[in-house]
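To keep things clear, I will list the structure first and then write my remarks on it.
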Amino acid sequence: MTNNDSISKKKQTDKENDNNNNSDLIKAIVLSIFDEKGPTPRIFWPIDLDEKAGLLIAMKTISLLMGDSVYQDSQGSDVGVNYFGILPFPDLKLNGLTYFFLIPEEKARGQALAATITVLINEDNRVFFYENMKYLRIIIDKAASQIQTDKEFDDHKRIMDDIRDELFEFTKDLKDPFSVRRQIKVLLTGLDKAGKSSFLMGIRRRYSEIIKALPTRGVERSEENIFEEQNSVISLWDLGGQKQYRERFLEQSKVYLYNVDLIFFFIDIQEVERIEEALELFRKIIDSLIDLDEFPPIVVCLNKFDPDLKGSKEIFKNLEIIADEIEKNSDRFLIKIFQTSIFNHWSLVTAYSFGLSQLSPNRELFRNQLKKFAKKTNSDAILLLNENGIILSNYSKDEVSERVFEISAPHFQELYKTFKEFKILQKDFLISSGIADDSKKVIFKKIQVEKYNLYLLMFIEKSLQIEKIEKNLPDFSKNLIDLIHTYI
Ligand SMILES: Nc1nc2c(ncn2[C@@H]2O[C@H](COP(=O)(O)OP(=O)(O)O)[C@@H](O)[C@H]2O)c(=O)[nH]1
Ligand SMILES: [Mg+2]
């Protein structure tokens, strides 16, 4: 396509020059509004932005999110609908960080106009978005709120000029915005024998190794791939928990905690005598993070909550005390607490997947797609798994439907594999009825999204209409493609 040339006159071979010139990083900034003419690029920079390119950006960013459910049902006051995400524009060789929001408007259908602000850079430079997400979100979010209140064209023009200046100012000071791959650092920490290494082996279904495993010495590093050919390298740092290593860890906490993207913290809930020690370590980590001005999401695994302990009142009381203690000390962090055990594979998967999903700027967009698909297919809950059984996204109307998955998802994946082996599966559908009563169904389906094998699990309380699923799947899959390309 030639569109790209009008936006970026430089070719990729000019990368070296680019490196010396941060001001060339941002290729375009577009405010699009869904007006009477449909998705329209209302204000854009550069002013000579190719018309077709502008239209494409407006169409893609608005139509992906608008759908029928998002704003037509809203009562006008629903300015809280907003989503961030990164979208590919392969025809333009660009990636866009886009923010979808609503502008209240009396006369419009649903009393609001759908709008997006999109910042575009060369697709080769996309790491810039992931690395600077926090700051970019603040700038764009601020501009969007101003646009929601000041509604004249001239106001919008001024706001968009400001955002451009701010972005230029920001990129000017960056040392190396053109790094090629995003490096993600995930730490697994906690006292020794809390079950960190076992957790990782459990996730990878290397059960036989759990029994043979020796205590971790120092730090063991491994990598995670959510998708083949993802843009990021996810490094998992499994930290040895023995005292000597822990002291080194705290002494050198800057090395380990600096630039950390996600932390898993493990507490062995069976070893009651050491719970206080574990909480002490947790507090120290929190303090170090605050010193470093790092605020990664933290997943706390109350581990070794084995299935046979579920009825124990004492354990339950301990769990509550620990949870309180953890929340008390960390209100500046996003913290999520899970109860895990290597004897409950699903508990590992949910904790692990939740953590990984925090690394994706597209998690809200994913959820939004699932929600739309659920609505169209009358589903009460939907789960999307990758080939390794990691949950990419989930949507459920209530906790009950979520519980259904907890119980059924692991079995379905097993069943699916078996059926597949014996070639007794038609159309890649697996349907189970009789969950509680005959009307409730769980559907398991493998879907192919480009070269990716994904698994869809749906829970339907009302009547099942396979045609509805079949009919809406192509659109759903198509929308997922873009989100996967920029997932992480
Ligand atoms: N009962 C139970 N034991 C576990 C669980 N996870 C790990 N373990 C055991 O706890 C011990 C320490 O585990 P390990 O993964 O080496 O802990 P790490 O030092 O934190 O890496 C090993 O004997 C594991 O078999 C669990 O969920 N339940
Ligand atoms: Mg270990």
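Small disclaimer: the values here were computed from a predicted structure and weren't measured. Reckoned from all heavy atoms, side chains included, excluding hydrogens, waters and symmetry mates. We number each residue from 1, following the sequence as shown. All ligand and atom numbering here is 1-based and tracks the order in the structure.
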Check each of [options] against [atom] and report the one with the nearest heavy atom.
atom: atom 16 (O) of ligand 1; options: Cys301, Ser198, Ala194; value: Ser198
atom: atom 19 (O) of ligand 1; options: Lys193, Met201, Glu271; value: Lys193
atom: atom 4 (C) of ligand 1; options: Gln270, Lys304, Glu220; value: Lys304

Is it true that the side chains of Ser341 and Asp306 contain a donor and an acceptor less than 3.5 Å apart? yes
Between Asp238 and Ser222: side-chain donor-acceptor atoms closer than 3.5 Å: no
Are Phe101 and Tyr83 an aromatic pair by the rule of ring centers under 6.0 Å? no
Is the gap between the ring centers of Phe338 and Phe354 under 6.0 Å? yes
Those residues that, when tested against Glu224, pass salt bridge (charged side-chain N to carboxylate O under 4.0 Å, His left out) (two or more places apart): none
Counting both backbone and side chain atoms, is some N or O of [X] under 3.5 Å from an N or O of ligand 1?
X: Ile342; result: yes
X: Thr340; result: no
X: Asp192; result: no

Do any heavy atoms of Phe343 fall under 4.0 Å from ligand 1? yes
Mark up the atoms of ligand 1 that fall under 4.0 Å of a heavy atom belonging to Ser197, in ascending order. 15 (O), 21 (O)
Which of the atoms of ligand 1 are close to Ser341, meaning less than 4.0 Å from one of its heavy atoms? 27 (O)
Can you tell whether the side chains of Glu364 and Arg367 come within less than 4.0 Å, N to carboxylate O? no
Phe316 vs Phe305 aromatic rings, parallel, tilted or perpendicular, using cut-offs 30° and 60°? perpendicular
Any N/O/S atom of Ser197 sitting less than 2.8 Å from the Mg ion (ligand 2), backbone or side chain? yes
